[in-house]
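Down below is the structure, laid out as structure tokens.
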Amino acid sequence: MTPGDTAGADARRPLYVYNGGFLTQRRVRRILHLAGWDIRLGLPGPGATVGVWGHSPTAHRGEAVARRRGAPLLRIEDAFLRSVHPGRAGSPPLGLALDTSGAHYDASTPSDLETLLATHPLDDTPLLDRARAAIATLRAAELSKYTGFDPALPVPDAPYVLVIDQTRGDASITRSGAGPDTFARMLGDALTNHGGLPVLIKTHPETQGGHRPGHYGPQHSSAQVRLISDAVSPWQLLEGAVAVYTVSSQLGFEAILSGHRPRVYGTPFYAGWDLTTDDIALPRRGRRLTAAQLFAAAMILYPTWYDPCRDRLCQLEDAIAQLQAETRAWREDRYGYVAAGMRMWKRGALQRFYGTERPLRFAPDPAAARADGSGRRAMAWAGKAGDAEGILRVEDGFLRSRGLGASLVPPLSLVADDLGIYYHPTRESRLERLIAAAATLPPARLTRAERLIADLVRLGVTKYNLAGQPLPDLPPGHRILVPGQVEDDASIRTGCDAVATNLGLLQAARAANPDAVILFKPHPDVEAGLRTGAIPEAEARELADMILTRADPVALLAQVQEVWTMTSLLGFEALLRGVPVTCLGTPFYAGWGLTTDLGRVPARRQARPGLPALVQAALIDYPRYRDPVTGLPCPVEVAVDRLATGAIPAPGPANRALSKLQGLFASQSWLWR
């Protein structure tokens with residue numbers, strides 16, 4: 001079944017269940033529904049299937065019914081990339097393993113996953129390229145089955161031996177014929193096999209949360225043995241390990257992806273393929289696989305992945321992007337914020353963006369936010385932060401909304417910069433660092449950005465996505481689009497020197513291009529009477545061949561050969577569409593070798609990223625996105641879908657009334673300070 005497919009009611013196969021979780025866990029029920037299963041109670045008839053949760057304590061009920069009725073079994077488990085927190089903490093899964101043969105951790109009978117690993121060619125180049133790119137993404141973003149850990153927490157100094165604990169009674173342990181004695185033997189081997197190196201025992205996330213006990217505790221600590229119960233990054237732990245010991249933990253799988261050959265004491269799906277040192281012989285598994293082949297089968301071909309924002313089945317890459325968005329929000333927000341310089345109408349949107357873990361507190365100014373003393377981070381709207389240090393500067397992202405910010409339409413994306421802010425070139429911003437880092441990414445890591453560029457161009461998505469009027473007939477010749485801006489905009493105040501007005505921009509464009517067709521497009525906020533920057537019509541017509549009010553910017557970009565701008569985001573949108581751009585100011589996209597720069601360029605902008613790298617930084621890594629339909633943190637692709645389709649709740653009447661009132665005072669400078 002392809003992503004987005006849903007089986008019709010007549011095509012769904014009846015699935016009889018005997019565990020209440022299938023009825024109460026809405027996400028599990030929805031994934032099964034989309035995968036073509038119709039959950040039912042009662043006794044299965046001909047053609048029906050019995051569903052059980054792996055080898056859970058309730059699975060015996062379904063197994064007994066299936067035996068008596070001669071019905072096939074479907075064993076259901078979480079996929080290997082699940083959620084921020086464990087299921088027992090209330091987090092729903094992003095995917096399921098739906099196995100018609102067995103359970104992936106039970107080697108007593110071949111599972112569907114084992115059959116894939118044993119018989120699938122696993123030699124398709126695009127498939128293996130996807131696998132390698134996904135592995136690199138998981139490692140770079142530090143994503144695991146459960147992602148509620150803090151990559152900033154320090155791990156012990158290398159070298160050490162890593163022993164992985166698991167929860168007592170877990171089916172992957174009991175189905176391996178293992179138990180407490182196995183864990184005791186494993187620790188003993190780790191202590192004796194490595195010349196007295198320190199041994200770190202990594203506890204299970206559910207043990208850390210107090211949900212289930214593990215096999216190791218304080219009684220195992222010694223001068224040589226240390227328990228790691230802090231929520232540290234497993235990828236960083238694996239990086240410092242010289243050897244990895246596990247019974248059947250998924251961390252053993254991730255150890256393989258990190259380049260280890262773990263010592264395995266159970267029978268997990270990843271054992272027996274010449275990627276592990278196995279304590280239990282598995283003669284049925286004689287094939288030699290690479291880590292990419294193992295990953296392709298276990299993470300791409302085997303699971304059923306779910307996109308909770310678009311409510312559809314999806315590919316692994318979409319599930320990774322969703323988990324990355326949810327994880328980033330948790331990691332950044334869990335300690336809470338004190339926010340300053342936030343107008344009243346913005347506070348609800350900010351609370352929805354940054355206050356889901358701990359509600360935001362609001363302070364009158366940045367100094368009060370920094371002095372809060374609650375352990376929360378201080379943040380301020382970038383224009384209100386001034387030169388304050390140690391504060392997050394918040395601004396709209398580059399794919400914002402369907403409608404103007406000055407019309408009080410809430411944003412789908414925001415940025416929070418811990419160094420500076422993207423429009424202020426006199427100090428380094430986090431975006432600059434991200435652009436420089438993206439310039440060195442291998443091509444495989446930029447395929448997502450390339451797809452994003454194609455989608456933005458195909459769907460005609462821009463920052464505000466305003467419905468423009470049809471273009472008039474344009475004069476023939478070399479056409480240059482000159483987008484007007486709000487003249488008191490911070491990007492002009494901080495990023496422009498010689499030319500800092502729309503009239504000056506038009507004059508410069510005409511002086512440099514006396515024979516070109518100059519098309520001037522006023523800024524939407526200025527056209528709406530909400531901001532400053534209007535040019536007297538007579539002066540504009542002396543310099544421009546046409547003034548295109550309320551014109552569709554996407555349609556315009558398809559009809560011009562150049563864009564001249566001070567710092568307008570329309571220059572960035574032109575780059576996405578292959579239109580050359582000349583900058584008279586210093587927007588975030590200038591100075592990287594992608595534009596003709598007539599303004600000052602910071603000397604620190606030495607990297608030479610391609611367009612995909614610039615997009616990776618500016619639209620994927622820098623902003624955060626919130627889905628206005630589900631309220632979930634979401635990846636950029638969901639935001640693009642919402643902006644393209646208009647599936648966004650409209651602002652309420654209070655916002656519209658406040659917007660009109662704001663327009664009356666647009667000329668009053670105090671309104672914008």
Side-chain angles (χ1 to χ4, degrees), residues 343 345-346 381-383 395-396 398-409 411 423 462-472 480-496 499-510 518-557 560 563-574 581 583-585 587 599 651 655-656 658-673:
R343 296 182 198 152
W345 79 269
K346 292 179 178 178
W381 199 256
E395 256 291 352
D396 291 330
F398 307 127
L399 297 172
R400 187 194 184 280
S401 52
R402 289 183 69 88
L404 299 173
S407 297
L408 310 191
V409 177
Y423 60 71
T462 62
K463 181 174 183 177
Y464 293 117
N465 304 283
L466 296 166
Q469 295 179 351
L471 295 183
I480 298 177
L481 174 61
V482 178
Q485 293 183 245
V486 176
E487 290 182 352
D488 63 356
D489 187 79
S491 70
I492 291 180
R493 288 188 282 106
T494 62
C496 293
V499 176
T501 65
N502 291 323
L503 181 59
L505 173 64
L506 264 178
Q507 291 170 336
R510 174 55 75 196
I518 303 292
L519 307 174
F520 179 63
K521 183 190 181 307
H523 190 278
D525 282 350
V526 176
E527 286 184 314
L530 298 172
R531 303 290 294 271
T532 60
I535 301 176
E537 185 174 348
E539 292 187 65
R541 292 196 179 281
E542 287 182 4
L543 297 165
D545 294 277
M546 292 189 75
I547 300 172
L548 299 169
T549 58
R550 294 176 175 81
D552 182 348
V554 174
L556 266 175
L557 288 173
V560 302
V563 169
W564 275 56
T565 182
M566 290 181 285
T567 61
S568 172
L569 190 65
L570 200 60
F572 177 58
E573 291 164 349
V581 177
C583 297
L584 281 76
N655 260 35
R656 291 194 293 272
L658 186 56
S659 173
K660 291 179 181 178
L661 181 63
Q662 177 170 290
L664 295 176
F665 296 97
S667 62
Q668 302 297 318
S669 62
W670 60 264
L671 186 64
W672 307 108
R673 290 177 182 167

Specify the closest pair of heavy atoms between G495 and T567, including all atoms of both residues, with the distance to one decimal.
-> O-CG2, 4.3 Å
Considering only heavy atoms from C-beta outward, does the side chain of E395 approach that of W381 to under 4.5 Å?
-> yes
Should V563 and L557 be marked as a side-chain contact (heavy atoms from CB on, under 4.5 Å) after you check the CA-CA gap, both sets of side-chain angles, and the distance that decides it?
-> CA-CA 8 Å; V563 169; L557 288 173; 3.8 Å; yes
How close do Q485 and T565 get, heavy atom to heavy atom, and via which atoms?
-> OE1-OG1, 3.6 Å
Given K463 and L399, is the side-chain contact (heavy atoms from CB on, under 4.5 Å) satisfied, shown in steps?
-> CA-CA 4 Å; K463 181 174 183 177; L399 297 172; 5.9 Å; no
Does D552 come within less than 4.0 Å of K521, counting only side-chain N to carboxylate O?
-> no
Taking every heavy atom of I518 against every heavy atom of L543, the minimum-distance pair comes out as CB-O, 3.9 Å
Side chain proximity check, V482 to R510, heavy atoms < 4.5 angstrom | no
Residue pair P483 / L570: nearest heavy atoms and the distance that separates them = CB-CD2, 3.6 Å
Taking every non-hydrogen atom, the tightest pair across A490 and Y423 = CB-CE1, 3.2 Å
Measure the spacing between CG of L503 and CD1 of I535 and express it to the nearest 0.5 Å.
-> 5.5 Å
Any V499 side-chain heavy atom under 4.5 Å of W564 side chain | no
Compare every heavy atom of V486 with every heavy atom of H523, then report the nearest pair and how far apart it is.
-> ND1-CG2, 3.7 Å
